[in-house]
Amino acid sequence: MEKLGHVLSTRQFTRTWLDRLFVLARKISEERRKPGGIMSGRIMATLFYEPSTRTRFSFEAAMISLGGQVLSSENAKEFSSAIKGETIEDTARVVGGMCDVLIIRHPETGATVRASSVSPVPVINAGDGDGEHPTQSLIDLYTILQERGTLEGLTVTMFGDLRYGRTVHSLARLLRLYWARMCFVSPQRLAFPRNLLAELHGSRADVVETTKLSDVLTDTDVLYVTRVQKERFSDLEEYAQVRGSYQIDATTLAQAKSDLVVMHPLPRVDEIAPTVDALPNAAYFRQAHNGVPIRMALLHRLFVRDPDTHSS
Ligand code: NCD
């Protein structure tokens, strides 16, 4: 895959494409230089129908760093014509005609695919319901690579709300490309979706499922923690039953490998105790900061024919 159009799912990515993206992202962050105003004269529109801090800010910071401009609608659900009943398709048609790239976050799974089917410009999925969050997994893989120096031969444990957490859905699909061993640890009610699990088994991924972190912790190289996705529960009683049901702290990590990498897409609620923050294992704030170089590199790959030969 040389050039991307829309970015909707991690299913689109190949290893070659990912490897080149990570080389470019590293170059951007190590050289600490603006890779030239490749987005100069271009406009990014960010349409967020759900709250966001990191994703929206890092997309916007990436665009501005590349010389582009941003049209931003935070809380598009209330402050756009969606409140009047406009469909995502109509909004994408209209806003797409005023910009060069559309970044969309939406509570409905598949909404960004629908928007992309009519948008005149590339659509990037910044999270669609409990579906996917493909650019977050680019950040996640890149972070593992930065922290561990490799993506091969690792045991990655995903811990928390694996049912509704779109970041783990996307990450698991990508890790399969690297033959990582994956452990899914969650309360029963928040188990990894069966259809996705079947997809992983279908590609002979090495997957283990359990409800107890202690079953897999000592073998784990990367521990990827997620919060309970409160907004996905239609029944708040059900949410109350799982809220606060898991947490890691410095004592938990004492049982783990000393070079364990702890990640979290953030925001965290109570699933990682603040005592972990000071440990060298805590990679989640570095992970959040990797959002900017990765999204800069992604914009390069979308808009520049040969991004590896860019000059500043
Ligand atoms: C995640 C999301 O929105 O899915 N956050 C993010 O983009 N970094 C995870 C979450 O909200 O729990």
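Start at 1 and go down the list; that is how both ligands and their atoms are numbered.
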salt_bridge([X], [Y]) N-O dist < 4.0 Å:
{"X": "Arg166", "Y": "Asp161", "result": "no"}
{"X": "Glu199", "Y": "Arg11", "result": "yes"}
{"X": "Glu237", "Y": "Arg189", "result": "no"}
{"X": "Glu271", "Y": "Arg227", "result": "no"}
{"X": "Glu238", "Y": "Arg163", "result": "yes"}

Practice task
Using a 4.0 Å heavy-atom cut-off, say whether Gln229 meets ligand 1 through its side chain, its backbone, both or neither.
Solution key: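 Side chain only.
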Handout entry: Common cluster, Phe57/Leu298, ILVMFWY with side-chain heavy-atom separation under 4.5 Å
Key =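 Unlinked, Phe57 and Leu298 end up in two clusters.
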Taking [atom] as the reference point, the nearest protein heavy atom with its distance:
{"atom": "atom 8 (N) of ligand 1", "result": "Pro265 O, 2.9 Å"}
{"atom": "atom 7 (O) of ligand 1", "result": "His133 NE2, 2.8 Å"}
{"atom": "atom 9 (C) of ligand 1", "result": "Leu266 O, 3.7 Å"}

With a cutoff of 4.0 Å, is [X] in contact with ligand 1, counting heavy atoms of the residue only?
{"X": "Pro267", "answer": "yes"}
{"X": "Glu50", "answer": "no"}
{"X": "Thr226", "answer": "no"}

Problem - Heteroatom proximity flag, Arg166 to ligand 1, N/O under 3.5 Å - result: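 Yes, Arg166 has an N/O under 3.5 Å of an N/O on ligand 1.
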Which of the numbered atoms in ligand 1 are under 4.0 angstrom from any heavy atom belonging to [X]?
{"X": "Thr55", "answer": "6 (C), 7 (O)"}
{"X": "Arg227", "answer": "10 (C), 11 (O), 12 (O)"}
{"X": "Thr167", "answer": "1 (C), 4 (O)"}

Practice task
Answer yes or no on whether Arg105 is positioned over the face of Phe48, meaning its NZ or CZ is under 6.0 Å from the six-membered ring centre and within 45° of the axis.
Solution key: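 No - Arg105 does not lie over the ring of Phe48 by the 6.0 Å and 45° rule.
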Practice task
Could you check if a side-chain atom of Asp128 sits within less than 4.5 angstrom of a side-chain atom of Asn125, using non-hydrogen atoms only?
Solution key: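 Yes; the side chains approach each other to less than 4.5 Å.
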